[in-house]
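For ligands, and for the atoms within them, numbers begin at 1 and follow the listed sequence. In this chain, residues are counted from 1 in sequence order.
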Amino acid sequence: MTKKEQLYEGKAKKVFATEEPGKVIVSYKDDATALDGLKKGTIAGKGVVNNRMSNFLMQILEKEGVATHFVEELNERETVVKKVEIVPLEVIIRNISAGSFAKRYGVEEGIVFDAPTIEFSYKNDDLHDPLINSYHAIALKLATPEEIETIKAMAFKVNAVLKAYFLKLGVKLVDFKLEFGRLADGTIVLADEISPDTCRFWDAETNEKLDKDRFRRDMGGVEDAYREMMRRVFGE
Ligand code: UDP
């Protein structure tokens with residue numbers, strides 16, 4: 001598979017065309033943004049961690065029956081994925097209170113929920129990704145009612161698989177964001193990435209943060225946290 005013209009450059013990744021119309025190459029950068037784009041920086045080695053971890057997790061999910069965009073890892077920063085039209089919803093699953101949930105409802109972080117929650121944000125930079133409910137998403141034709149049901153079921157399945165997987169590595173999966181895409185035939189697949197940029201990971205013993213919150217909150221030790229997650233997953 002060869003890299004052709006650049007189609008898109010996002011905050012953390014570039015996307016390139018290939019000789020196959022149904023496939024694109026994603027290239028992961030070390031650039032990081034947070035706080036609605038106000039905070040910018042780089043996290044050395046992040047692109048490598050996110051590419052490798054996301055690919056590994058997507059392959060676990062495929063084995064468990066979750067359709068994903070993953071095709072083939074080319075090198076430590078680049079991966080061939082199926083070309084999709086992204087459903088403009090950020091799908092957030094939570095197992096433990098943290099971040100915007102704790103802030104919005106005035107509760108502390110760390111409350112373990114009896115059952116996972118789901119919420120959607122409308123992916124729209126001009127509007128700052130507002131929270132949206134499924135009725136509004138359908139009214140705005142962001143997704144059909146059937147697609148919303150498929151996405152919900154897939155998101156909870158991803159949570160069940162990954163929560164158990166990370167617990168074995170001594171990591172609590174606090175919350176995470178997923179994005180879904182449509183293939184040319186309309187099939188919904190898991191797209192984007194699953195990484196310390198898009199998940200909150202807490203050490204199971206100490207609750208130490210092992211994710212992008214260290215960057216968002218200027219806690220230091222950002223690169224070490226990403227490296228530690230790499231070590232837990234790949235033993236390196
Ligand atoms: N998240 C993300 N991208 C976003 C917003 C959130 O990947 O644009 C992830 C974030 O890493 C966390 C989860 O979604 O794992 C829930 O984030 P939250 O709504 O608490 O927002 P935050 O506090 O990160 O602004």
Side-chain angles (χ1 to χ4, degrees), residues 10-13 26 28-41 43 46-47 49-51 53-54 57-58 68-69 86-113 116-133 137 142 151-152 154-156 158-163 165-167 171-181 190-204 207-219 221-222 225-226 228-229 232-233:
K11 292 167 205 136
K13 302 189 274 295
V26 178
Y28 284 73
K29 304 189 284 183
D30 285 349
D31 298 349
T33 61
L35 311 176
D36 201 19
L38 283 175
K39 189 177 168 64
K40 290 190 174 69
I43 301 173
K46 170 173 88 78
V49 173
N50 289 6
N51 181 47
M53 189 183 300
S54 189
L57 297 175
M58 294 238 182
T68 80
H69 71 167
I86 289 284
V87 176
L89 293 172
E90 295 194 339
V91 180
I92 294 170
I93 297 275
R94 301 178 190 272
N95 296 303
I96 300 176
S97 66
S100 71
F101 180 97
K103 203 169 164 194
R104 185 179 319 124
Y105 301 120
V107 296
E108 72 268 34
E109 298 198 306
I111 302 165
V112 179
F113 303 147
T117 68
I118 190 163
E119 76 214 41
F120 302 105
S121 293
Y122 176 21
K123 256 175 80 75
N124 183 315
D125 283 340
D126 295 337
L127 300 176
H128 311 287
D129 299 342
L131 195 63
I132 190 169
N133 72 31
L142 306 181
I151 285 170
K152 276 197 214 165
M154 288 173 77
F156 282 121
V158 169
N159 184 52
V161 172
L162 294 188
K163 193 180 154 198
Y165 169 75
F166 280 111
L167 203 53
V171 172
K172 292 180 193 168
L173 179 59
V174 174
D175 58 25
F176 56 93
K177 184 263 300 180
L178 300 175
E179 294 184 25
F180 293 84
L190 180 62
D192 193 49
E193 67 179 281
I194 309 173
S195 70
D197 271 19
T198 64
C199 302
R200 284 195 171 92
F201 296 126
W202 293 357
D203 180 86
N207 283 338
E208 187 192 353
K209 296 186 196 309
L210 298 171
D211 57 59
K212 197 176 162 189
D213 265 354
R214 302 196 78 89
F215 172 78
R216 294 188 189 101
R217 302 178 187 193
D218 291 319
M219 296 170 74
V222 186
Y226 279 70
E228 176 60 17
M229 282 308 301
R232 302 268 178 125
V233 172

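- Here R94 has side-chain heavy atoms under 4.0 Å from ligand 1, and that is the only part of it that gets that close.
- Distances below 4.0 Å separate heavy atoms of F176 from the following atoms of ligand 1: 14 (O), 15 (O).
- Nearest protein neighbour of atom 18 (P) of ligand 1, counting heavy atoms only, is S100 OG, 3.3 Å.
- Considering every non-hydrogen atom in both L190 and E179, the closest pair reads CD1-O, 3.6 Å.
- For G10 against K29, the heavy-atom pair with the smallest separation is O-NZ, 3.0 Å.
- In this structure, the protein non-hydrogen atom closest to atom 16 (C) of ligand 1 is R200 NH1, 3.6 Å.
- Atoms of ligand 1 lying under 4.0 Å from at least one heavy atom of G99, given by number and element, are 20 (O), 23 (O).
- Remark: the K172 side chain and the N207 side chain contain an N/O donor-acceptor pair separated by less than 3.5 Å.
- Using a 4.0 Å cut-off between heavy atoms, S121 makes no contact with ligand 1 at all.
- Looking at D125 and K11, a side-chain N of the basic residue comes within less than 4.0 Å of a carboxylate O on the acidic one, giving a salt bridge.
- Across all their heavy atoms, V91 and A155 have their closest contact at CG1-CB, 3.9 Å.
- Of all atoms in ligand 1, listed by their number and element, those nearer than 4.0 Å to a heavy atom of I92 are 16 (C), 19 (O).
- Side-chain atoms of Y226 and D197 include a donor-acceptor pair closer than 3.5 Å.
- For the pair S97 and E108, the tightest heavy-atom approach, listed with the atom from each and the gap, is OG-O, 2.7 Å.
- Remark: atom 25 (O) of ligand 1 lies closer than 4.0 Å to no protein heavy atom.
- Counting heavy atoms under 4.0 Å from ligand 1, residue V174 does not touch it at all.
- When hydrogens are left out, the protein atom nearest atom 5 (C) of ligand 1 is E90 OE1, 3.9 Å; that is the closest non-hydrogen contact.
- Given atom 14 (O) of ligand 1, the protein heavy atom at minimum distance is K177 CB, 3.4 Å.
- The proximity of D175 to ligand 1, defined as any non-hydrogen pair under 4.0 Å, involves the side chain as well as the backbone.
- The atoms of ligand 1 that sit less than 4.0 Å from any heavy atom of C199 are 11 (O), 15 (O).
- The pair E208-R232 does not meet the salt-bridge criterion, since no charged nitrogen lies less than 4.0 angstrom from a carboxylate oxygen.
- In terms of heavy-atom proximity, K212 sits nearest to A34 at CE-CB, 4.5 Å.
- Protein heavy atom in closest approach to atom 11 (O) of ligand 1: R216 NH2, 2.8 Å.
- Note on D211 versus R200: no salt bridge recorded, every NZ/NE/NH1/NH2 to OD/OE distance being 4.0 Å or above.
- For ligand 1, the atoms closer than 4.0 angstrom to any heavy atom of D197 are 7 (O), 11 (O).
- Proximity of K212 to ligand 1, defined as any heavy-atom pair under 4.0 Å, is not found for any part of the residue.
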